[in-house]
There are 2 protein chains.
Amino acid sequence: MTLGQKIKELRESKGMLQRQLAAKLEIGDGFLSKVEHDQKALKREHLNSISKIFDYPLEELESLWIATRIYELVKDEQSALNALKVAEEQIKYGKAHAKV
Amino acid sequence: MTLGQKIKELRESKGMLQRQLAAKLEIGDGFLSKVEHDQKALKREHLNSISKIFDYPLEELESLWIATRIYELVKDEQSALNALKVAEEQIKYGKAHAKV
DNA sequence: TTAGACTTGACTTAAAAAGGTCAAATTTAG
DNA sequence: CTAAATTTGACCTTTTTAAGTCAAGTCTAA
């Protein structure tokens, strides 16, 4: 599940049109279409609005939002999965040693 | 292990000075110092040179290089690890459904 | 078949990131 | 101590990315 897919799912579950959701987010509907296809990224602030409009947990949306950015970064890499593992270790190590 | 740490390790294992390695890479030694501390990123092409200079597998260096970029992207995120998991799923799913 | 919904491609502009340099300050080894 | 090695901060220019818009084209249902 990607962020775009989730947004489309939420929107359709409320029988809302792209035009209507786009208006609430104050963006054009062409842009929202691309967002739903993960061709463009929303601003992070928009996640707050979406969370409220659909009463859906913000943390979930944020994870999807970050994941999309990671995916964009590594999608053409043959060693994408391996790099993810390495990054995971770095994060775990970093957390354990962070000098606040 | 980060890319910077690995480069420093390789360099020192050959008793090479920053100045010497920097010259081979055609960059300044101030810049190399930052690279070894992961404060700046090398160009990807530089990995080829490093691989040859130290006879160290390029794929390993590339994984570290990508991992560093992922780390930069998520290091301040509370849900970094979760997002990584989500991205991993997206990659696996993407690979299975890629329309070459 | 035609209106409304959606998708797509081309384009824009400001902001940020890439990829450094250089000199001053600091650290380390002898 | 002191000289070489390293680190750091400030700065710079060029390239990319972010975050859209808009109009034309395509789909879909009635």
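In this text the structure is predicted, and so the values were computed from the model without any measurement. Protein chains get the first letters and strands the later ones, always in sequence-line order, with residue 1 at the start of each.
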Heavy atoms from other residues, nucleotides or ligands near NZ of B/K14 exceed 12 (cutoff 6.0 Å):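 For B/K14, atom NZ is not crowded (no more than 12 foreign heavy atoms under 6.0 Å).
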
Might you confirm whether atom NZ of B/K75 has over 12 heavy atoms from other residues, nucleotides or ligands at distances under 6.0 Å?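 Result for NZ/B/K75: enclosed.
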
Between which nucleotides of DNA chain D, read 5' to 3', does contact with chain B run, using atoms under 4.0 Å from its heavy atoms? D/dA5 to D/dA10

Contact nearer the 5' end of DNA chain D, comparing B/L17 with B/Q39: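 Nearest nucleotide further toward 5': that of B/L17.
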
Comparing nearest nucleotides in DNA chain D, the 5'-proximal residue of the pair B/Q18, B/K40 is B/Q18

What's [X] touching, base or sugar-phosphate or nothing? Going by heavy atoms closer than 4.0 Å.
X	value
A/R69	sugar-phosphate
A/G28	sugar-phosphate
A/K43	sugar-phosphate

Rounded to whole Å, please give me the gap between [atom1] in [X] and [atom2] in [N].
X	N	atom1	atom2	value
B/I27	C/dG19	CD1	P	12 Å
A/H37	C/dT8	NE2	C1'	10 Å
B/R44	C/dA18	CZ	P	14 Å
B/L42	C/dA17	CG	C1'	16 Å
A/I7	C/dC6	CD1	P	14 Å
B/E26	C/dG19	CD	P	16 Å
A/E36	C/dA5	CD	P	14 Å
B/E72	C/dA16	CD	P	16 Å

Looking at A/R11, I'd like to know whether one of its side-chain N or O atoms comes within less than 4.0 Å of OP1 or OP2 on C/dA5. no

Base C/dG19 to side chain B/K34, donor-acceptor N/O within 3.5 Å cut-off: no

Go through B/R69 and B/E72 one step at a time and tell me if the salt bridge (Lys or Arg N to Asp or Glu O under 4.0 Å) criterion holds. CA-CA 5 Å; B/R69 281 175 143 63; B/E72 277 306 303; over 6 Å; no

Is there a side chain to side chain contact (heavy atoms under 4.5 Å, CB included) between A/I66 and B/L73? Walk through the geometry before answering. CA-CA 8 Å; A/I66 301 164; B/L73 195 61; 5.5 Å; no

Does B/L10 share a hydrophobic cluster with B/L58, counting links as ILVMFWY side-chain heavy atoms below 4.5 Å and allowing steps through other members?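 Hydrophobic grouping puts B/L10 with B/L58.
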
What do the steps show when you test A/M16 against A/I53 for side chain to side chain contact (heavy atoms under 4.5 Å, CB included), and what is the final call? CA-CA 11 Å; A/M16 200 179 288; A/I53 292 169; 4.2 Å; yes

Sequence neighbours excluded and cut-off under 3.5 Å, please list the side-chain donor-acceptor pairs for residues 18-35 of chain B, or say none.
| residue | atom | partner | partner atom | Å |
| --- | --- | --- | --- | --- |
| B/Q18 | NE2 | B/E36 | OE1 | 3.3 |
| B/Q20 | OE1 | B/L17 | N | 2.7 |

